[in-house]
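Heads up: the structure comes next, in C-alpha cells.
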Amino acid sequence: METEDSYISLKRRRDNSIERCGIVDESSNGQAITSARMKKCDLFLADVNAQLKFRNVTTDIKVDTNSNGLQLFTTITVDEPAPGLKTIFGFKVPDQRSGKIELQYLHEYARISSSIGLTTNPIVNFSGVFGTNVLALGTDISFDTKFGNFTKCNAGLSFTNADLIASLSLHVVMNEKGDSVNASYYHIVNPSTNIVVGAKVTYSFSTNVNTITVGTQYALDPLTIIKAWVNNASMVSALIQHEWLSKSLFTIYGEVDTKSIDKSPKVRLVLALKP
C-alpha cells in the first residue's frame, strides 16, 4: 500500500528451518516503524523499531525479544543545540545502569566527544582530536569515579605530508599490562614503483622491553606487492600478495627465526575473496 504520506512494504524470507518476516512503514514527515520476526525451529524472536523526528530531535526506540527476555532500547539525539554540537542520550530497560549521555562537538580543526554514565559512580570518557591534515594531536581518556583513578589513557601525535607519515603514541590501560609507547615512520621513496620504507619502535613499561621493526615494500606490477620486515628479536618475515581478481587477494607469507635456524620456517597461504 502506498499513499502520499506513508510507504508500507512487507518482506518475507524462508531459509531452511529459519523463517523471517519484516514490515517497514515510512512516513514523509520523518517517522518510520520497522517490525521484524524470525522463527528458528520452535523459537520466536521479534523486534520493533520506531524513529520519530521533530525539528532537530530524533528519537529511536527498539523493542526486542530474545533469549534474555523483553528489552527496550531508547536513543534521543539532539542535533546542533549550539553550532557544531550534538547531544545523545540513551538507555536500556530493564538495565538500570545502562543510561548514558554523550556530547559531541565538530569543528574544522577539532573533534571532541565526551560521555558519562547515569549511575551513582559513573565512568567518564573523553576523546578528542585537534589539528590539521598535516599535524594532529589526539587523546582518549576514561576515569572511574568510584575508585578515583584513570582506567585508560591514550595519546597520539602525527605528522603527515605528501610522502611521509610519522607518529608517536602512548597507550596505558590501568590494572593491565598495556602500558607502552609507540613511534612509527612511513616514507614513500618512489611513488611510481610503490617503494616504501618504514620503521616502528615500541617500549613497554611493564616489561622494560624495546621492540624495533624495520621493513620495506615494492610493487612488481600494479597487482603484485612484495613486503619484507625484520625486528630486533631476530624474526624475519616476508610476503608476496597478488590481486588476481577485483578485490580478491592471494598471499604467500613466510616467517623464520634466525636464532633458531634448526626450526622449520612458517609458511602460510591466504586467499581472500570479496564480492
When you compare the side chain of S234 with that of D257, does any pair of heavy atoms fall below 4.5 Å? yes
I'd like to check V236 versus W229 (side-chain heavy atoms, cut-off strictly below 4.5 Å). Are they in contact? no
What one should report as the nearest heavy-atom pair of L168 and A183 is CD1-CB, 3.9 Å
Could D140 and K152 be called an ion pair, given the rule that one side-chain N must be under 4.0 Å from one carboxylate O? yes
Y203 and side-chain contact (heavy atoms from CB on, under 4.5 Å): which single residue from D179, T211, N208 fits? N208
How about D64 and V48: do any of their side-chain heavy atoms sit closer than 4.5 Å? no
Any side-chain heavy atom of N210 within less than 4.5 Å of one from T202? no
Start with the C-alpha distance between D262 and S260, add both sets of side-chain angles, then the distance that settles side chain to side chain donor-acceptor pair (under 3.5 Å), and finish with yes or no. CA-CA 5 Å; D262 55 324; S260 303; 4.6 Å; no
Run T151 and D144 through side chain to side chain donor-acceptor pair (under 3.5 Å) and show every step you take. CA-CA 6 Å; T151 59; D144 191 339; over 6 Å; no
What verdict does the side chain to side chain donor-acceptor pair (under 3.5 Å) test give for T224 and Q241, after you've listed the backbone C-alpha separation in whole Å, the side-chain angles of each residue and the deciding distance to 0.1 Å? CA-CA 6 Å; T224 309; Q241 187 175 79; over 6 Å; no
Ring geometry between H107 and Y109 (parallel below 30°, tilted from 30 to 60°, perpendicular above 60°): tilted
How close do L271 and W244 get, counting heavy atoms only, and between which atoms? CD1-NE1, 3.5 Å
S180-S204 side chain donor-acceptor pair, cut-off 3.5 Å: no
Within a 6.0 Å radius of atom CG on N133, are there more than 12 heavy atoms belonging to other residues, nucleotides or ligands? no
Heavy-atom check, side chain of I61 versus side chain of L72, under 4.5 Å: yes
